[in-house]
> 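I'd like to ask you about the structure that follows.
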Amino acid sequence: MTTKKANLIAYDPSGIFLDDTGVSPADLRALAPRLEAARTEVLDEDLRLLAEGVVPKEKDPLDAAFLELPERILAEYRADQSGSELGRILQTARRLQNAVDRVVVLGIGGSYMGARALMDACCEPYFNELDRGQRGSRPRMYFEGNNVDNDASQGLLKLLGNGRPAETIEDRWAIVVISKSGATLETAAALRQFMAALKQSLGGDSQKLAKLVVPVTGTSGKLFNLANALGCNELFRVPEGVGGRFSVLSAVGLLPAAILGLNVVSLLEGAAAMNEHFRTAPAGENAVLDYVGAGHLLEKESGATIRVLNVWSKALESVGLWYDQLLAESLGKEGRGATPITAVNTRDLHSRAQQHQQGRRDKLFTNLIVDSWRCDPLRVGHSELDQDSLNDLADKALPEIMTAAIQGTNEAYHGDGRPTADLHLPQVDEFYVGQLFQMLMLATVVEGRLIGINPYGQPGVEFYKKNMNRILGRR
Ligand code: PA5
């Protein structure tokens with residue numbers, strides 16, 4: 001039961017069907033009608049309710065607009081390349097690429113993790129270490145406003161010159177500040193601090209400052225008001241009906257990605273291709289529905305309440321962390337919801353694998369596997385110093401060793417009745433990362449509808465904020 005179509009991510013759940021899990025292919029087939037009903041609810045009922053603006057209490061909030069976002073943004077762009085939102089994003093990206101050498105993206109949670117994931121997945125490793133020529137004049141990118149870590153903030157401000165006048169392009173920097181509510185303390189405090197340093201580096205020139213601070217926010221709120229007071233030349237919106245952790249394919253992720261010179265059209269096309277697959281393929285051939293079915297059965301039948309995403313590529317660690325937030329904030333409600341964990345292998349085989357191999361039987365391991373690497377295979381190589389006894393592997397390259405590690409780990413887990421599933425990414429580029437984002441967002445909302453938990457909203461996050469503000473003497 002493998003989803004394998006040209007140009008699509010493939011999902012293979014065969015490693016969950018083990019005697020110890022008690023889950024069989026017939027169980028997954030039997031779940032198909034419920035999975036397809038959940039899909040209908042997500043595609044038809046939720047989108048209709050959103051369009052009509054009449055949301056029943058149990059579905060409030062209903063942030064389902066992420067679903068049609070890729071097609072909508074692409075259609076508007078194709079109709080009007082310069083006046084559309086994507087056209088404006090690309091113009092701003094080009095302006096910043098020409099004006100500055102560093103961009104600080106301020107944001108937290110869903111206003112941060114997608115952009116970080118895109119940078120780590122799609123830019124070459126050590127991108128920020130490269131010189132401007134090697135980067136093709138694309139700015140270095142840093143992320144702040146995602147914590148209140150004194151030393152981390154000071155470290156970045158120091159790197160940016162602590163307000164020193166910007167003389168050459170290498171000294172010039174800009175801020176992209178992303179906050180849907182516009183009221184998140186971590187991001188707001190960082191904006192104030194980084195904006196003060198930026199203004200100082202511009203000799204106090206408010207007009208120049210207004211060109212180098214680009215907000216992405218809602219149509220009202222504190223950040224919106226601040227942007228107007230500053231006279232910001234460009235302002236982008238977090239679309240109505242799109243929640244923070246579902247916003248990576250809006251300006252929230254697209255603007256930082258475009259500044260990094262990534263192919264944002266391809267990113268959206270990948271997401272649209274996944275939408276088409278989700279809408280049309282039956283359960284059993286549908287990567288989204290099969291993924292949900294496998295996770296659900298394992299949790300229900302064999303107590304696998306922990307979902308480990310084993311990413312077999314360093315570039316995908318931040319994608320895994322983005323997914324941690326998506327699953328945790330969407331389904332971790334009412335004392336329910338699986339716990340996500342990202343492991344980067346083979347690295348974490350040397351830190352987590354002992355527990356995964358022999359610890360509690362409460363985990364489903366999903367392998368996120370890259371089928372084709374960007375660079376030519378790097379061989380181990382022959383050496384006259386064979387004290388390390390590696391000459392027998394001299395002709396083997398890292399991709400072959402990685403494949404052996406994946407197969408060896410799956411065999412070891414299956415040998416002890418530990419369930420695995422494989423998610424194959426043909427390669428790590430914008431098109432497939434767009435597919436993956438959309439697949440995991442769709443899977444999360446389908447699972448929510450399947451188990452009767454509203455995947456939107458994060459009411460539990462408010463408690464810490466309320467207490468923190470009280471402790472700080474605010475109301
Ligand atoms: O998923 C979400 O909605 C949250 O994680 C938010 O993205 C996060 O709390 C940041 O909120 P805001 O964009 O309003 O600053």
Side-chain angles (χ1 to χ4, degrees), residues 50 55 59-67 69 104-118 143-149 153 175-195 213-227 235-256 318-333 337 340 342 437-438 440-445 447-448 453-469 474:
L50 191 69
V55 178
K59 289 208 167 185
D60 190 29
L62 180 59
D63 289 334
F66 82 91
L67 210 150
L69 205 55
V104 180
V105 176
L106 303 177
I108 194 167
S111 291
Y112 148 63
M113 304 188 84
R116 167 104 247 179
L118 279 164
F143 296 89
E144 255 307 335
N146 53 44
N147 211 321
V148 279
D149 180 320
S153 292
I175 296 171
V176 170
V177 53
I178 308 173
S179 176
K180 183 180 177 186
S181 63
T184 302
L185 179 58
E186 289 90 334
T187 305
L191 177 60
R192 185 174 281 212
Q193 294 161 336
F194 281 79
M195 214 161 54
V213 177
V214 184
V216 182
T217 188
T219 46
S220 62
K222 292 178 184 168
L223 178 56
F224 182 81
N225 295 342
L226 185 61
L235 186 142
F236 293 93
R237 286 179 43 202
V238 184
E240 288 296 312
V242 176
R245 59 190 172 277
F246 295 92
S247 67
V248 59
L249 299 175
S250 74
V252 170
L254 295 176
L255 178 61
S318 300
V319 172
L321 297 176
W322 168 86
Y323 180 57
D324 282 357
Q325 186 215 359
L326 180 67
L327 184 59
E329 281 195 352
S330 301
L331 303 184
K333 292 165 187 164
T342 293
F437 280 143
Q438 194 72 5
L440 294 173
M441 290 191 285
L442 291 168
T444 302
V445 298
E447 183 168 1
I453 286 193
N454 186 1
Y456 305 110
Q458 58 284 338
V461 183
E462 294 310 309
F463 292 97
Y464 103 87
K465 290 188 198 166
K466 213 170 144 212
N467 291 342
M468 177 174 70
N469 279 311
R474 307 178 101 196

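Note that the coordinates shown come from a computational prediction; the quantities given were computed from them, not determined experimentally. Order of listing sets the numbers, starting from 1, for every ligand and every atom in it.
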> Strictly inside 4.0 angstrom of atom 9 (O) of ligand 1, do you find any protein heavy atom?
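Under the 4.0 Å cut-off, atom 9 (O) of ligand 1 has no protein heavy-atom neighbours at all.
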
> Please confirm whether I108 comes under 4.0 Å of ligand 1, counting heavy atoms of the residue only.
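I108 counts as a contact of ligand 1 under the 4.0 Å cut-off.
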
> Around atom 11 (O) of ligand 1, find the nearest protein heavy atom and jot down its residue, atom name and distance.
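It is T184 OG1, 3.5 Å.
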
> Only heavy atoms count here, so choose which of G221, S111, P61, S247 is nearest to atom 13 (O) of ligand 1.
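Selected option, by shortest heavy-atom distance: S111.
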
> If you take the centroid of each ring, where Trp contributes its six-membered ring, are Y456 and F246 closer together than 6.0 Å?
yes

> Under 4.5 Å between any side-chain heavy atoms of I175 and L106, yes or no?
yes

> Is there side-chain contact between L249 and Q438, with at least one heavy-atom pair below 4.5 Å?
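The answer is yes, as the side chains (C-beta and beyond) meet within the 4.5 Å cut-off.
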
> Return yes or no for this condition: an N or O of G110 is under 3.5 Å from an N or O of ligand 1.
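Yes.
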
> Judging by distance only, is a nitrogen or oxygen of S179 under 3.5 angstrom from one on ligand 1?
yes

> Looking at side-chain heavy atoms only, is the closest gap between L442 and F66 below 4.5 Å?
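Result yes, sub-4.5 Å side-chain heavy-atom pair found.
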
> Can you tell which of Q325, Q458, R245 gets a heavy atom nearest to atom 5 (O) of ligand 1?
Q325

> Any chance the side chains of S330 and R245 put a donor and an acceptor closer than 3.5 Å?
yes

> Do you know the tightest heavy-atom contact between S247 and V238?
CB-CG1, 4.5 Å

> Taking the side chain as C-beta and beyond, is there a heavy-atom pair between I178 and T217 under 4.5 Å?
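No. Closest side-chain heavy atoms not under 4.5 Å.
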
> Taking only heavy atoms of S181 into account, list the atoms of ligand 1 that are under 4.0 Å away from them.
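Near S181, the atoms of ligand 1 are 12 (P), 14 (O), 15 (O).
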
> Pull out every atom of ligand 1 sitting under 4.0 Å from any heavy atom of E329, numbered as shown with elements.
1 (O), 2 (C), 4 (C), 5 (O)

